[in-house]
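Lettering follows sequence order; numbering is per chain, from 1. Quick note: numbers below take in every heavy atom, side chains included, and nothing from hydrogens, waters or symmetry partners.
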Amino acid sequence: AQTVTQSQPEMSVQEAETVTLSCTYDTSESDYYLFWYKQPPSRQMILVIRQEAYKQQNATENRFSVNFQKAAKSFSLKISDSQLGDAAMYFCAYIRQGGSEKLVFGKGTKLTVNP
Amino acid sequence: KAGVTQTPRYLIKTRGQQVTLSCSPISGHRSVSWYQQTPGQGLQFLFEYFSETQRNKGNFPGRFSGRQFSNSRSEMNVSTLELGDSALYLCASSLDRVYDNEQFFGPGTRLTVL
C-alpha cells in the first residue's frame with residue numbers, strides 16, 4: 001500500500017524567510033501525482049502545488065516550489081519570502097494515475113510564521 | 001462560481017444514533033470524494049462518487065455509506081455512531097479524475113459523538 005510520511009510535525013519560520021517542508025512516499029507505481037495542500041485554521045483545504053511523476057521539472061507556483069526526487073521518493077515544499085498568511089497545516093498527498101481515486105495524505109506539518 | 005458547500009457545519013450526536021451529512025459540489029463537477037480527518041489518523045479517504053455511482057471506496061466499515069444524486073450533490077451517512085466517529089468530515093469535488101483535475105475542498109462538517 002502506498003504511504004506518505006511527513007517527518008516534521010511542526011515547523012516555524014520568520015516572516016520573509018524561506019522554509020522547506022519534507023515529504024517522502026512509498027510506492028511501486030511509476031505513474032502518479034503528488035500534491036501539497038494547505039489547511040489554514042479556517043479548515044478549508046486548498047491546493048498549493050501539483051507534480052506529475054513523469055515530469056522531471058520541479059513544479060513552481062509563485063513563492064512555492066517543490067524539490068521532486070523520484071528515485072529517492074522525496075517531495076519537499078519550499079516556501080520563499082514567507083508571509084503571515086502562510087501559517088497553516090500543510091499536507092503532502094499522493095495519488096496513483098489510472099487507478100483508484102484515493103488520495104493518500106501524510107499526517108501534516110504545522111507551519112508557524114513569526115513576525 | 002460558488003465553492004463546495006457542506007451542511008451542517010457542526011453536529012453533536014450520541015452513540016448509537018445515525019447521521020447524514022450533505023455536500024454540494026462546485027457547479028459542473030461530477031466527482032465528489034469524502035474524507036475523515038482526525039488528530040490520530042489524519043486524513044483518510046472514505047469514498048468517491050462519479051455520476052451517481054460509487055467509483056472508489058476506502059477501508060471503512062459498512063456503517064459508512066454514501067450516495068450521489070443526479071445534480072451531483074452527495075450525502076454520506078453513518079449509522080450506529082461510535083465515539084471514534086468524532087471527526088471533521090471533508091467533502092471535495094472535481095470535474096472528473098482526481099489525478100487529472102484539481103480537487104476543491106469544502107469547509108467540513110465537525111461531528112462530535114457523545
Side-chain angles (χ1 to χ4, degrees), chain A residues 1-10 21 23-25 27 29-55 59 61 64 68 75 88-110, chain B residues 2-6 8-10 23 25-26 29-51 53-60 66 68 74 87-111:
Chain A
Q2 293 86 2
T3 57
V4 176
T5 303
Q6 293 178 250
S7 59
Q8 307 149 317
E10 294 188 30
L21 308 185
C23 172
T24 57
Y25 58 94
T27 183
E29 304 292 334
S30 57
D31 297 322
Y32 51 87
Y33 293 76
L34 296 163
F35 307 84
W36 278 99
Y37 282 90
K38 170 185 177 181
Q39 189 178 40
S42 66
R43 294 199 171 96
Q44 196 131 7
M45 190 101 69
I46 55 174
L47 178 65
V48 175
I49 203 163
R50 173 177 178 266
Q51 174 82 42
E52 295 92 334
Y54 65 86
K55 287 188 177 177
E61 286 288 342
F64 298 87
F68 173 48
F75 183 61
M89 283 292 291
Y90 285 82
F91 293 94
C92 179
Y94 161 101
I95 193 166
R96 182 166 67 100
Q97 180 178 350
S100 154
E101 297 297 310
K102 173 184 171 180
L103 259 179
V104 179
F105 286 89
K107 290 290 180 74
T109 295
K110 182 180 179 182
Chain B
V4 179
T5 57
Q6 292 187 245
R9 293 292 309 278
Y10 302 91
C23 171
I26 290 172
H29 286 193
R30 295 165 68 191
S31 168
V32 174
S33 298
W34 288 89
Y35 298 88
Q36 181 196 65
Q37 185 175 20
T38 60
Q41 299 298 317
L43 280 148
Q44 293 186 288
F45 172 79
L46 280 155
F47 28 65
E48 185 250 356
Y49 286 86
F50 181 81
S51 292
T53 300
Q54 188 181 83
R55 193 159 59 173
N56 291 282
K57 188 177 189 306
N59 299 322
F60 277 80
Q68 187 180 33
S74 178
L88 181 68
Y89 289 88
L90 294 171
C91 160
S93 77
S94 61
L95 282 168
D96 193 345
R97 294 291 178 184
V98 172
Y99 54 78
D100 248 351
N101 300 275
E102 183 174 350
Q103 200 172 43
F104 293 84
F105 283 79
T109 294
R110 169 71 65 186
L111 171 65

Query raised in the report: Checking A:Tyr32 against chain B: side chain, backbone, both or neither under 4.5 Å from a heavy atom?
Result: neither
Query raised in the report: Highest number of heavy-atom pairs under 4.5 Å with chain A: which of B:Pro107, B:Ser31, B:Gly42, B:Gly108?
Result: B:Pro107
Query raised in the report: Which is it for A:Tyr33 and B:Asp100 under the side-chain contact (heavy atoms from CB on, under 4.5 Å) test, yes or no, and what are the steps along the way?
Result: CA-CA 9 Å; A:Tyr33 293 76; B:Asp100 248 351; 3.4 Å; yes
Query raised in the report: CD/B:Gln41 to CZ/A:Phe105 distance, rounded to the nearest 0.5 angstrom?
Result: 15.0 Å
Report summary line: In this structure, CG of A:Leu47 is separated from OG of B:Ser94 (nearest 0.5 Å) by 11.5 Å
Report task. Check the pair B:Arg97, A:Ile95 against side-chain contact (heavy atoms from CB on, under 4.5 Å), reporting the backbone distance first and the verdict last. Result -> CA-CA 11 Å; B:Arg97 294 291 178 184; A:Ile95 193 166; over 6 Å; no
**Report entry** By side chain to side chain donor-acceptor pair (under 3.5 Å) - contacts of B:Gln37 (at least two apart)
**Finding:** A:Gln39
Report summary line: When rounded to the nearest 0.5 Å, the distance separating NZ of A:Lys38 from CZ of B:Phe105 is 15.0 Å
Report task. Measure the CD-NZ distance between B:Gln44 and A:Lys102 for me, rounded to the nearest 0.5 Å. Result -> 8.5 Å
Query raised in the report: Which heavy atom in B:Leu43 sits nearest to a heavy atom in A:Met45, and how many Å separate them?
Result: CD1-CE, 3.5 Å
Requested in this report: Would you mind checking which part of B:Leu88 comes under 4.5 Å of any heavy atom in chain A, side chain (CB onward), backbone (N, CA, C, O), both or neither?
Outcome: side chain
**Report entry** Test item: A:Lys107 side-chain N/O and B:Gly40 main-chain N/O as donor-acceptor pair under 3.5 Å
**Finding:** yes
Report summary line: If one checks every heavy atom of B:Tyr35 against chain A at 4.5 Å, the contacting part turns out to be side chain
Requested in this report: Could you tell me which residues satisfy side chain to side chain donor-acceptor pair (under 3.5 Å) with B:Tyr49, sequence neighbours excluded, listed by chain and number?
Outcome: B:Gln54
